[in-house]
Amino acid sequence: MRAAMNLVKRNIYIFIRDRGRVISSVLSMLIVLGLMILFLGDMNSQDIVTALERFGRNRDTAADEANAKYLISMWTLAGILISNTVTVTMTAMGSMIEDEVNMRLASFYVTPVKRLGIAFGYIFSAWCIAVFLCTVTLAVSQVYFAVTGQTTLVWTALLQLLGMIVLNAFVYAAIAYFIALFVHSVGAWNGILSIVGTLVGFVGAIYLPMSVLPESVADILRHLPVLHGAAMMRVVCTKEAVEKTFAGIPAEAAEVFREKMGITIVMGDEPVSFVVQAGCLLGLGLLMIAASAVISRRKLLYDR
């Protein structure tokens with residue numbers, strides 16, 4: 001275990017020392033944030049204001065616009081957090097690919113450290129890095145909301161989000177390790193990372209809300225873990241914002257909004273509960289670790 005923890009410390013140090021890797025790990029966050037500021041944020045908030053006007057002509061348009069922008073900001077925050085759990089873990093796992101290319105991984109395999117301990121070293125270090133950067137992102141977002149005079153999240157919501165960050169980072173660290181077992185060059189890994197960084201915004205319904213996607217595409221996304229991870233965070237981030245924005249109108253309107261924006265995920269005419277989403281994500285992470293263990297064992301037998 002001590003050797004595995006030393007490997008964790010070593011991988012974290014390598015990640016922090018490489019500034020380019022740190023910047024690329026949050027590149028998707030910057031892309032999402034830029035899109036929301038330049039285009040998508042105003043479009044989505046204006047759609048909300050237009051929908052609210054249908055329920056009453058005497059509504060305070062200025063208040064509706066402010067509430068809608070805040071709601072979209074909180075919705076975007078959830079998207080940024082889930083994007084980071086995916087891209088940061090993938091970027092951090094790049095150290096494993098570099099170790100294999102430079103023959104350091106082969107050296108680790110001939111030491112007394114078990115392969116499970118080596119796997120733990122890479123997965124846990126990627127998990128730690130992702131949790132840290134996502135926590136920093138969450139903290140910065142709250143400072144931004146406070147400085148701009150907007151409502152910050154309550155402590156209970158922050159703790160819930162932290163738990164979701166921990167869970168999702170674990171899942172995607174395990175998935176990243178599983179994928180890394182099949183990649184044997186830095187160029188190939190960087191190519192995969194570029195594709196994942198681009199697609200995560202779509203599969204999580206971050207760039208485009210669920211309401212504008214074809215039903216066939218939306219149905220596929222409902223079976224992917226990224227969307228459910230994003231939905232869990234959106235529920236917490238937007239809870240008070242939705243209640244404030246849709247105050248004074250039928251509750252059904254808020255429910256429709258949650259479904260169209262990927263806050264509530266409906267499968268089989270029933271919304272998927274938080275317990276089911278969390279259980280499936282945890283099960284997926286454990287499954288990836290088990291599958292990785294089997295593959296590593298077969299590779300070890302083959303190498304012999």
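Along the sequence shown, the residues carry numbers beginning at 1. Every value quoted in this text rests on a predicted model; they were computed, and no experiment measured them.
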Taking all non-hydrogen atoms of both residues, which atom of [X] and which atom of [Y] are closest, and how far apart?
X      : Y      : answer
Leu81  : Cys134 : CD2-O, 3.5 Å
Gln277 : Ala231 : NE2-CB, 4.0 Å
Val183 : Glu100 : O-OE1, 3.4 Å
Leu282 : Val171 : N-CG2, 4.4 Å
Val131 : Val166 : CG2-CA, 4.1 Å
Thr151 : Glu240 : CG2-OE1, 4.5 Å

Would you indicate whether the side-chain heavy atoms of [Y] and [X] approach each other to under 4.5 Å?
X      : Y      : value
Arg234 : Ile82  : no
Ile129 : Thr89  : no
Met261 : Trp75  : yes
Glu98  : Trp189 : no
Thr264 : Met210 : no
Phe246 : Ile249 : yes
Tyr172 : Pro225 : yes
Thr238 : Leu71  : yes

Per-pair distances, 0.1 Å, donor-acceptor, side chain in residues 250-260, under 3.5 Å, sequence neighbours excluded:
{"from": "Glu255", "atom 1": "OE2", "to": "Arg258", "atom 2": "NH1", "distance (Å)": "3.0"}

Result of checking Leu159, Thr156, Leu153, Leu161 against Val236 for side chain to side chain contact (heavy atoms under 4.5 Å, CB included): Leu161

Interatomic distance, [X] atom [atom1] to [Y] atom [atom2] [nearest 0.5 angstrom]:
X      : Y      : atom1 : atom2 : result
Cys128 : Phe170 : SG    : CZ    : 12.5 Å
Met164 : Leu281 : CE    : CG    : 10.5 Å
Lys69  : Asn67  : NZ    : CG    : 11.5 Å
Leu224 : Phe202 : CG    : CZ    : 14.0 Å
Ser141 : Leu158 : OG    : CG    : 8.0 Å
Leu77  : Ile72  : CG    : CD1   : 12.5 Å

side-chain contact (heavy atoms from CB on, under 4.5 Å) evaluation trace for Ile12 with Phe132: CA-CA 11 Å; Ile12 293 176; Phe132 174 75; over 6 Å; no

CA sep, side-chain torsions, deciding dist, call: Leu133, Phe15, side-chain contact (heavy atoms from CB on, under 4.5 Å): CA-CA 12 Å; Leu133 288 182; Phe15 179 87; 4.2 Å; yes

Heavy atoms from other residues, nucleotides or ligands near CZ of Phe145 exceed 12 (cutoff 6.0 Å): yes

Asp64 bridged to Lys244 by N-O distance under 4.0 Å: no

Sidechain-backbone polar pair: [X] side chain, [Y] backbone, donor-acceptor under 3.5 Å:
X      : Y      : result
Ser185 : Ala188 : yes
Arg222 : Ile265 : no
Ser125 : Tyr122 : yes

ILVMFWY network linking Ile175 to Ile220, side-chain heavy atoms under 4.5 angstrom: no

Aromatic ring pairing Phe124/Phe120, orientation class (parallel under 30°, perpendicular over 60°, tilted between): parallel

